K.L.:
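Sharing a structure, written as structure tokens. Questions coming.
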Amino acid sequence: MSTDYNFSEIERKWQEYWEENGTYKVTEDSSRPKFYVLDMFPYPSGAGLHVGHPLGYIASDIYSRYKRLKGFNVLHPMGFDAFGLPAEQYAIQTGRHPAETTEENIARYKRQLNRIGFSFDWSREVRTSDPSYYKWTQWAFLKMFGSYYDNRLQKARPVEELEKAFAAGGTDGVDAACTRPMNFTADQWNGMDRRQRADVLMNYRIAYIGETSVNWCPELGTVLANDEVKEGLSVRGGHPVIQKKMMQWQLRVSAYAQRLLDDLDGLDWSESLKEMQRNWIGRSEGAEMVFKVFNGDSSYDMTIFTTRADTVFGVTFMVLAPESPWVARLTAPEQKEQVDAYLAAAARKTERERIAETRQVTGVFTGSYAVNPFTGQRIPVWVSEYVLAGYGTGAIMAVPAHDSRDYAFARQFNLPVIPLIEGCDVSKESFDAKEGIMCNSGFLNGMTVKEAIPAAISKVEETGIGRRKVNYRLRDAIFSRQRYWGEPFPVYYEDGIAVPMDESELPLCLPEVDKYLPTESGEPPLARAADWNYRGWPIEKSTMPGFAGSSAYYLRYMDPRNDRALVDRTRNEYWKDVDLYVGGTEHATGHLIYSRFWNKFLYDLGYVCRNEPFRKLVNQGMIQGRSNFVYRIKGTNTFVSYNLRDGYDTTEIHVDVNLVHNDRLDMEAFRKWRPDFADAEFILEDGEYVCGWAVEKMSKSMFNVVNPDNVCDAYGADTLRLYEMFLGPVEQSKPWDTKGIDGVHRFLKKFWRLYYGREGALFTDKPASAAELKVLHKLIKKVSDDIEHFSMNTSVSAFMIAVNELNELGCTSREILEPMVVLLSPFAPHICEELWSRLGHDSSVSAAAFPEYEARYTEENTFEYPVSFNGKTRFKLELPKAVDPKDAEAAVMASPNTGKYLDGKPVRKIIVVPSKIINVVF
RNA sequence: GCUCGAGUGGUGGAAUAGGUAGACACGCAGGACUUAAAAUCCUGUGGGCAGCAAUGUCCGUACGGGUUCGAUUCCCGUCUCGAGCACCA
């Protein structure tokens, strides 16, 4: 048996052992408390893992292993988010089936993950593209199709109950979330035919089909959700996105806006992430107000939304969104030509162009007028792009004096500006702040803005002009994608009426197609599938988006092979929810909103027992690349070292970071790297070639991708794990910098040397000394506190200190060395398994118990000392043994806090520098 | 523009209730063992000033104020960087 730390042999051995023995397989066990640690499952891309991906997995694995040692029954699964665009685009280029390439990518991912020594229970693996999995994605969709949202009860209910209510009393007494408000009587409902009823119900379903303005990406040939578009470009691929009206499946996420907002308060998530969700939900309180509008002889009531009802006396015009249905109604014949031209121009623009032209003010007069309900004044109605169709009612009252956008518009088109706040200057810009005293505002005069807002809304309600209203920025999620590689909708069209399939017919599997491109007529790829129909009726041709499969996967891990339910009730009641969820912040407004919505929906229907899915969430930072450069002298094949390059005219060239160690170039490897560098010459400093560096995104084109496999080859998985933790706080983004990895590797070697010298085993049965025990117990306390607080980086430091101290003490006692192995095993499981077994244990170290921290070593060194004040013993001090009680008492008496706190608070801490007491902390 | 974070040595970063700032590691410098190298080990390492020295002393956590006996930590203002949202009425 080798006495050296042979990491590659050790790691291979134990990884095989874990697999053969099913060491990390977990079953429901009601005798032990559960703990559910989840990582956001990866999309298995063709590029494989780089060193940044496992950061969160390592942290969560340490946490899982720690909890296991603490006696918890830990569920720590892994799976794959396997549907997605890259596999499909690869299929379009190569003709290979996405299932095939996905399978290969998953195999590579699993191999790479297993090399790092994670304690995943692979028997519970899920893949979203697997029919036995997406059966339950489709099932949830059918449930959403069959449900509506009851605003009064604030929960989802079966559509059948809505039908009963309609049959009994029409829309009277029904308060349900819907696309547009409806009004009909029971008689009208009962008189409707099948198609009419289907149309009405579609207005209420939680999964519904409807015409909406969508983000259409022509390049990708599909629609995208709001969170898949950034700055007018698709997140995947960066292609331009335009607005288009289309019939699309949607999920009524907006119905859950208030609950999604309220329930954030109870979650143990970072404040910044909660804030992001709050912004995305975008609750704003205000009022809806009705304005009378006139087009020639016709008059209508038009509703607008405002958060500034107090400024109604300053309304000098109104503005409609170009897409608003009011535009057609309110365009006067003499203005029709101009309005149509404006609408056409607006429709042609991409989202990006609209954003780019934000500063340009455009608009057109409709020729119609409205009446200000408070002043009776006649005001013109305009159309402009700066008003959004999708928010509020798509129409606004414009108050140029107190809204900068209205102000810009008024200045552009010479519309009047009426200031409403005493002393404000609106000659150059609007006064947007909600402060000051109202003027020119009738009954509001003299009030502060803060008083005027509720007063104005009350008046609006009293006079029947409108009502209090809360608006949300959160929109319904568009759920159709015109793509192949996604879940098919279990819906067919009978005479054009959408009909759900029966649950018993799931899964509806993806059909084979000859090509993965849209058809010539622009239909989705599924239209290429011959004979794909249901009893002769056409099946829905679009597929579900990426977030469909990832919205409930955490539930499926609880019961992954169940074919009768998404998750069995008793299993769900055992595992309940995710105690710790680790993943990137990029999912803040996508997956993490959809998942919460999906879970709440299932909760409403009684399929799951928890209202929120993820109790605690940690966002791991991104690991950026650290690129290296060499400097070629122009026109030559000579490269000059970093610090000497000033004297030359050079070109900076990215060099593969795998050819560089501590910024020193391996010149031989460099010559072999590419043929044109084969005869490269170098100008060196101190005999070495020093490279330049920069922090950039980790990508192939920058040659800065570090593959964890290479790190495992060179240093071992345990070093990789420790090093990724040592790099800094898990939540923080940082560049991957191999400087310093030697230090961590050195630590593991030192750790090994504590157990094995060159001559063999060093551990003995000798009892531990007090000093040794103190080192151990200090470490136990530090490490457990650190892991609970997710600061693994400082734990690694603590291990280094402890090992140095034990070395100095010449520690050989098993009493110390055994618990040390258990302690380190969450971080470096392989080396610890090996040492554990060499210490004579038959079972895996993961079956051990995390050592208990014994306070006696601090107790032994402290004692209580009564302090008298005014002749009465007031409290006892806990003093470090090194401190002379007289000094302590003197320090207490001299303490500036004594007078303040002597009677009340206990002493918390005595601050001692080597020889003297500085202060007493109460 | 709005919202939320963060600014500490040459570098990554510690300081987990306001209490010795710079733990630990890298890098660097010097030394030991080597014919040599690698590996390993030891010592030093924020800055200024004084001293042969051990040491002493002052300044230091982006900047300017404040609260406190005491501030990297709390409060106000400024600057810089990062993240998110962005015509949301």
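Below, chains carry the letters A, B, ... as their sequence lines are ordered, and counting in each starts from 1. Keep in mind it's a predicted model, so treat the numbers as computed, not measured.
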K.L.:
As a test of reading the structure: which of B/rC26, B/rC24, B/rA89 is closest to the side chain of A/K739, going by heavy atoms?
P.N.:
B/rC26
K.L.:
What nucleotide, of B/rC41, B/rC87, B/rA14, holds the atom closest to the side chain of A/K750?
P.N.:
B/rC41
K.L.:
Please check the phosphate of B/rG13 (OP1 and OP2 only) for any side-chain N or O of A/K734 closer than 4.0 Å.
P.N.:
no
K.L.:
Any salt bridge between A/K774 and A/E805, counting N to O under 4.0 Å?
P.N.:
no
K.L.:
Considering every strand and a 4.0 Å limit on heavy-atom distances, what is the contact class for A/S272: base, sugar-phosphate, or nothing?
P.N.:
sugar-phosphate
K.L.:
Any base atoms under 4.0 Å from A/K782, or only sugar-phosphate, or nothing? Heavy atoms, all strands.
P.N.:
base
K.L.:
Could I get the full list of salt bridge (Lys or Arg N to Asp or Glu O under 4.0 Å) partners for A/K781, not counting sequence neighbours?
P.N.:
A/D785
K.L.:
Using atom P in both nucleotides, what's the gap between B/rA36 and B/rC49 to the nearest angstrom?
P.N.:
39 Å
K.L.:
Any idea which of B/rA83, B/rC26, B/rC87 is nearest the A/Y386 side chain?
P.N.:
B/rC87
K.L.:
Check every atom of B/rA83, B/rC24, B/rG13 against the side chain of A/P729 and return the nucleotide holding the closest atom.
P.N.:
B/rG13
K.L.:
When you measure from the side chain of A/F726, which nucleotide among B/rU3, B/rA89, B/rG12 comes out closest?
P.N.:
B/rG12
K.L.:
So, OP1 or OP2 of B/rA86: does either fall under 4.0 Å of a side-chain N or O from A/R473?
P.N.:
yes
K.L.:
What's the separation between atom CD in A/Q277 and atom CZ in A/R596, rounded to the nearest 0.5 Å?
P.N.:
5.0 Å
K.L.:
Of the candidate nucleotides B/rU40, B/rG84, B/rU16, which contains the atom at the shortest distance from the side chain of A/K749?
P.N.:
B/rU40
K.L.:
Counting N and O atoms only, with roles assigned by atom type, does the side chain of A/T316 sit under 3.5 Å from a partner on the main chain of A/P416, one being a donor and the other an acceptor?
P.N.:
yes
K.L.:
When you check the phosphate oxygens OP1 and OP2 of B/rA14, does a side-chain N or O of A/N793 lie under 4.0 Å from one of them?
P.N.:
yes
K.L.:
Just to be sure I understand the rule, does A/R475 reach a base, reach only the sugar-phosphate, or reach nothing, if contact means heavy atoms closer than 4.0 Å?
P.N.:
base
K.L.:
Checking one value: the base orientation of B/rG9, syn if chi is within 90 degrees of 0, otherwise anti.
P.N.:
syn
K.L.:
If you check the A/I801 side chain, which of B/rU40, B/rA23, B/rC4 turns out closest?
P.N.:
B/rA23
K.L.:
Kindly point out which of B/rA89, B/rA25, B/rU16 is positioned nearest to the side chain of A/H789?
P.N.:
B/rU16
K.L.:
Just call it for A/S404: base, sugar-phosphate, or nothing, with non-hydrogen atoms closer than 4.0 Å on any strand.
P.N.:
nothing
K.L.:
Just checking A/M667: does its CE atom have more than 12 heavy atoms from other residues, nucleotides or ligands closer to it than 6.0 angstrom?
P.N.:
yes
K.L.:
Both atom distances under 3.5 Å, Watson-Crick or G-U wobble: I'd like the secondary structure of RNA chain B as a dot-bracket string, with | for pairs made across strands.
P.N.:
(((((((..(((......[....)))((((((.......))))))(((((....)))))..(((((..]....))))))))))))....
K.L.:
Under a 4.0 Å threshold between the charged nitrogen and the carboxylate oxygen, would A/D268 count as salt-bridged to A/K274?
P.N.:
no
K.L.:
To the nearest 0.5 Å, what is the distance between CD1 (A/I801) and CG (A/L779)?
P.N.:
9.5 Å
K.L.:
Do A/D737 and B/rU11 have a side chain to base donor-acceptor pair shorter than 3.5 Å?
P.N.:
no
K.L.:
Tell me every residue that passes salt bridge (Lys or Arg N to Asp or Glu O under 4.0 Å) with A/R753, counting only those two or more places apart in sequence or in another chain.
P.N.:
A/D4
K.L.:
Within less than 4.0 Å of OP1 or OP2 of B/rG13, is there a side-chain N or O belonging to A/Q732?
P.N.:
yes
K.L.:
Between B/rC2 and B/rU68, how many Å separate the two P atoms, rounded to a whole number?
P.N.:
33 Å
K.L.:
Are any of A/R746's side-chain N or O atoms less than 4.0 Å away from OP1 or OP2 of B/rU40?
P.N.:
yes
K.L.:
Side chain of A/N279 only, please: which of B/rU3, B/rA89, B/rA23 is the nearest?
P.N.:
B/rU3
K.L.:
Which whole number of Å gives the distance between the C1' atom of B/rA71 and that of B/rG65?
P.N.:
14 Å
K.L.:
Between B/rG56 and B/rG31, how far apart are the two C1' atoms, rounded to whole Å?
P.N.:
28 Å
K.L.:
Taking only the side-chain nitrogens and oxygens of A/Y391, find out if one of them lies under 4.0 Å from OP1 or OP2 of B/rA89.
P.N.:
yes
K.L.:
For atom P, what is the distance between B/rC28 and B/rG19, given to the nearest Å?
P.N.:
36 Å
K.L.:
So, the side chain of A/S641 versus the backbone of A/Y689: is there a donor-acceptor pair under 3.5 Å, distance only?
P.N.:
no
